[in-house]
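Input: a single structure, listed below in structure tokens.
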Amino acid sequence: MKKLAIITFASALLMVQCTPKTFNQPSLKDAFANKFLIGVALNTQQINGNDSIAIPLTLKHFNSIVAENCMKAENTQPKQGVFTFDDGDKFVNFGIENNLNVIGHCLIWHSQAPRWFFTDSLGNDVSRDTLIERMRTHIDTVVKHFKGRVHGWDVVNEALTDEGGWRESKFYKIIGPEYVELAFKFAYQADSTVELYYNEFNNEKPAKREATVNLVKNLQAKGIRIDGIGVQGHYTMDFPEFADLDASIKAFAALGVQVMITELDLPVIPWPSETVTADISFSVEAQEKYNPYANGIPDSMQQIIDQRWLSIFEVLNNNADAVSRVTLWGLHDNQTWRNNWPIKGRKDYPVLFDRQYQPKPVVSKIIEIGLKP
Ligand code: XIL
């Protein structure tokens with residue numbers, strides 16, 4: 001009852017906050033309705049009702065959701081054999097109750113996997129057979145738990161390096177490259193009706209694009225089900241080249257699978273390294289020069305940012321035949337991982353709604369792109 005009152009209050013507040021102009025505007029999901037789904041990642045605060053304006057805002061603009069963290073292995077199986085689905089269930093049920101396309105993220109990933117997954121009681125690496133069994137149990141239990149409620153799973157996340165080799169993760173080192181096909185097989189065995197995706201960052205880069213194509217071709221040649229490729233879309237003001245994004249979408253679509261932009265965000269504060277990555281183990285000390293917009297963004301910079309958003313959506317819109325979903329990695333600027341990664345305590349502006357839950361001016365222009373025939 002209390003939660004309902006909060007949500008009703010939040011909806012009212014959202015209506016008051018939105019000027020009539022923005023509130024009557026078509027939503028992002030409506031603008032792209034005949035083209036692709038528009039998704040958003042939700043965090044546990046939002047799922048648990050502690051960011052209540054987030055809920056009506058999500059329902060207005062988005063028709064797909066993914067959990068930012070609560071369905072990753074460290075949360076679903078923090079200890080061996082102890083599965084915790086409370087937050088995952090709340091998230092998934094919210095999606096089902098509101099007719100949203102619910103995406104599971106993610107089953108097999110070297111990050112945010114609990115340490116026990118790879119080690120024995122003495123702290124040594126487990127054997128190949130043991131790790132395969134642990135993978136099977138994890139995938140089987142999690143996929144079956146959410147069966148019928150999740151539309152698709154990011155089965156394997158980030159198996160490749162930017163140079164196109166295999167990432168030297170524990171999964172790779174202990175099992176070998178077959179861990180990818182095993183993960184897809186186990187997921188299919190657990191639920192033959194759910195869609196299965198391979199998700200990756202920087203796969204706009206030619207070497208990683210080619211490696212992704214080969215990875216998927218290998219699965220297809222072996223008759224292993226794969227339904228889509230996720231292009232994470234963690235961008236910067238310089239990365240990627242739009243021609244590379246376009247080329248990757250086309251190369252992936254040519255494999256006969258769906259292409260999804262799964263974690264789109266555009267941080268506007270400086271990237272503190274020569275190499276752009278979404279590898280969450282990367283971190284840098286805080287320095288003032290890396291936090292230039294703590295008091296707001298100058299107009300001249302805002303124009304450059306807006307142009308970049310529009311160019312990204314132009315590429316996606318031009319490839320609407322191939323792209324099935326575009327998911328933003330965060331709802332509003334106040335709650336985005338970019339404020340704390342790879343440097344803690346910065347003020348970034350990487351998504352489409354501001355700290356007051358208002359659509360940024362560029363949103364109406366993105367909507368115009370979507371409404372083009
Ligand atoms: C990030 C979350 O946004 C953070 O809250 C968390 O601390 C680290 O992970 N690639 C992925 C996502 O596939 O799961 C990551 O999400 C960002 C990079």
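When a ligand or atom number is given, it counts from 1 through the structure's own listing order. What you see is a predicted model; the values in this text were computed from it and never measured.
- Between F146 and F85, the distance separating the two ring centers is shorter than 6.0 angstrom.
- Open room surrounds CD on E241; 12 or fewer heavy atoms of other groups in view lie less than 6.0 Å from it.
- With D244 as reference, R209 is the one residue of K208, R209, K250, K205 to meet the salt bridge (charged side-chain N to carboxylate O under 4.0 Å, His left out) rule.
- Among protein residues, E68, N69, K72, H105, W109, Q112, N157, E158, Q232, H234, E263, A278, I280, W329, W337 come within 4.0 Å of ligand 1, judged on heavy atoms.
- In this pair, W329 and H234 present their aromatic rings perpendicular. The plane angle is above 60°, beyond the 30 to 60° band.
- Proximity of F62 to N98: side-chain heavy atoms (C-beta onward) are nowhere separated by under 4.5 Å.
- When the side chain to side chain contact (heavy atoms under 4.5 Å, CB included) test is applied to P361, no partner is found at least two apart in sequence or on another chain.
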